[in-house]
Structure formats: C-alpha cells, structure tokens
Amino acid sequence: MNLVMTILLISLTLSVTLATVSFWLPQMTPDQEKLSPYECGFDPLGTARLPFSIRFFLVAILFLLFDLEIALLLPLPWGDQLASPLATFLWASAVLSLLTLGLAYEWLQGGLEWAE
C-alpha cells in the first residue's frame with residue numbers, strides 16, 4: 001500500500017507541476033497570424049479546391065502505419081517476466097523483421113520519395 005501511495009503522490013505532484021509550468025511559462029503575444037482561425041497558412045477566403053500532392057498523404061499514411069506497429073513493441077520490457085521470454089523475443093523479432101521488409105519494399109517502390 002505504501003508503494004501505491006508513493007506512486008500516486010509522485011504522479012500527482014508531477015502532473016500539477018507540469019500543468020502549472022505550462023500555464024505560466026509561455027509568453028502570450030498574439031498577432032494577426034495567431035489570431036486567425038487558420039494558422040496553417042491557407043487563405044480562409046480563397047478557394048477550397050487547392051491541389052494537394054498525393055505523395056504527402058501516402059507518406060503520412062506510411063508514417064502512421066509504422067508508428068502504430070512500433071507501438072506494439074512498447075510492452076517488450078515487461079516480456080521478460082513471462083513464462084517464456086524466448087517466445088516474446090521471437091514474436092518481437094518477427095514484428096521488427098516485417099517492419100523492416102515493409103520499409104525496404106516501400107523504399108524500393110519509391111513510396112518515400114517526395115518528388116517524382
């Protein structure tokens with residue numbers, strides 16, 4: 001019970017400290033760019049049919065795919081507490097090898113190129 005209370009106290013203290021620092025630390029200097037509803041640089045009064053490169057979306061989707069699959073490897077440090085850590089290592093190696101093969105395939109197909 002003492003360990004749980006210590007962890008809760010540390011978490012609460014860290015959360016309150018970070019929230020307080022993030023509230024008071026930034027300098028608030030709004031200008032015309034920051035006050036506009038579109039900070040991304042698009043003209044809100046212009047046409048909505050701006051041409052986007054399909055390459056941008058393909059690279060973004062590839063990033064999300066690889067990022068989500070790497071997130072599957074996050075519980076690996078706790079895998080050594082299982083009955084068979086070798087099986088955990090083999091599954092993690094299989095996931096990493098599939099990710100590496102997928103990355104090599106996309107690289108060879110030109111899916112990571114920004115310009116044609």
Side-chain angles (χ1 to χ4, degrees):
M1 188 66 176
N2 193 12
L3 179 63
V4 173
M5 289 304 292
T6 304
I7 290 174
L8 286 176
L9 183 66
I10 290 173
S11 299
L12 182 68
T13 305
L14 187 62
S15 300
V16 169
T17 304
L18 289 176
T20 305
V21 166
S22 70
F23 181 72
W24 292 107
L25 190 62
Q27 298 175 358
M28 299 292 187
T29 54
D31 57 359
Q32 188 63 25
E33 296 283 328
K34 289 183 181 179
L35 292 176
S36 71
Y38 297 98
E39 292 183 16
C40 58
F42 294 115
D43 182 21
L45 302 176
T47 178
R49 304 285 184 214
L50 293 176
F52 280 106
S53 172
I54 193 70
R55 290 290 204 196
F56 172 78
F57 291 110
L58 288 177
V59 171
I61 288 172
L62 281 175
F63 171 76
L64 286 175
L65 262 171
F66 286 111
D67 191 41
L68 289 176
E69 290 188 11
I70 287 176
L72 293 174
L73 298 174
L74 288 177
L76 266 184
W78 292 276
D80 63 348
Q81 299 173 1
L82 296 175
S84 173
L86 183 61
T88 305
F89 175 74
L90 290 176
W91 280 109
S93 299
V95 169
L96 283 176
S97 62
L98 280 175
L99 283 176
T100 305
L101 287 173
L103 180 64
Y105 176 77
E106 286 296 327
W107 194 334
L108 291 175
Q109 293 295 320
L112 300 176
E113 297 292 329
W114 283 103
E116 295 175 3

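Numbers here are sequence positions counted from 1.
- The OG atom of S93 sits 11.0 Å away from the CG atom of L98 when rounded to the nearest 0.5 Å.
- For the pairing with T13, the side-chain contact (heavy atoms from CB on, under 4.5 Å) check across V16, I10, L9 returns one residue only, L9.
- Cluster membership check: L99 does not share its hydrophobic cluster with F89, using side-chain heavy-atom separations under 4.5 Å among Ile, Leu, Val, Met, Phe, Trp and Tyr.
- Within 6.0 Å of CZ in F63 there are 12 or fewer heavy atoms belonging to other residues, nucleotides or ligands.
- Put simply, F66 and L96 are part of the same group of oily side chains (I, L, V, M, F, W, Y) that touch within less than 4.5 Å, one to the next.
- Between the CD atom of E106 and the CG atom of L101 there is a distance of 12.0 Å, given to the nearest 0.5 Å.
- Rounding to the nearest 0.5 Å gives a distance of 9.0 Å between CG of L12 and OG1 of T17.
- Separating the CG atom in L8 from the CG atom in L3 is a distance of 9.5 Å, to the nearest 0.5 Å.
- Hydrophobic clustering keeps V95 apart from W91 (ILVMFWY residues linked when any side-chain heavy atoms are closer than 4.5 Å, directly or through intermediates).
- Rounded to the nearest 0.5 angstrom, T20 OG1 and L25 CG are separated by 11.5 Å.
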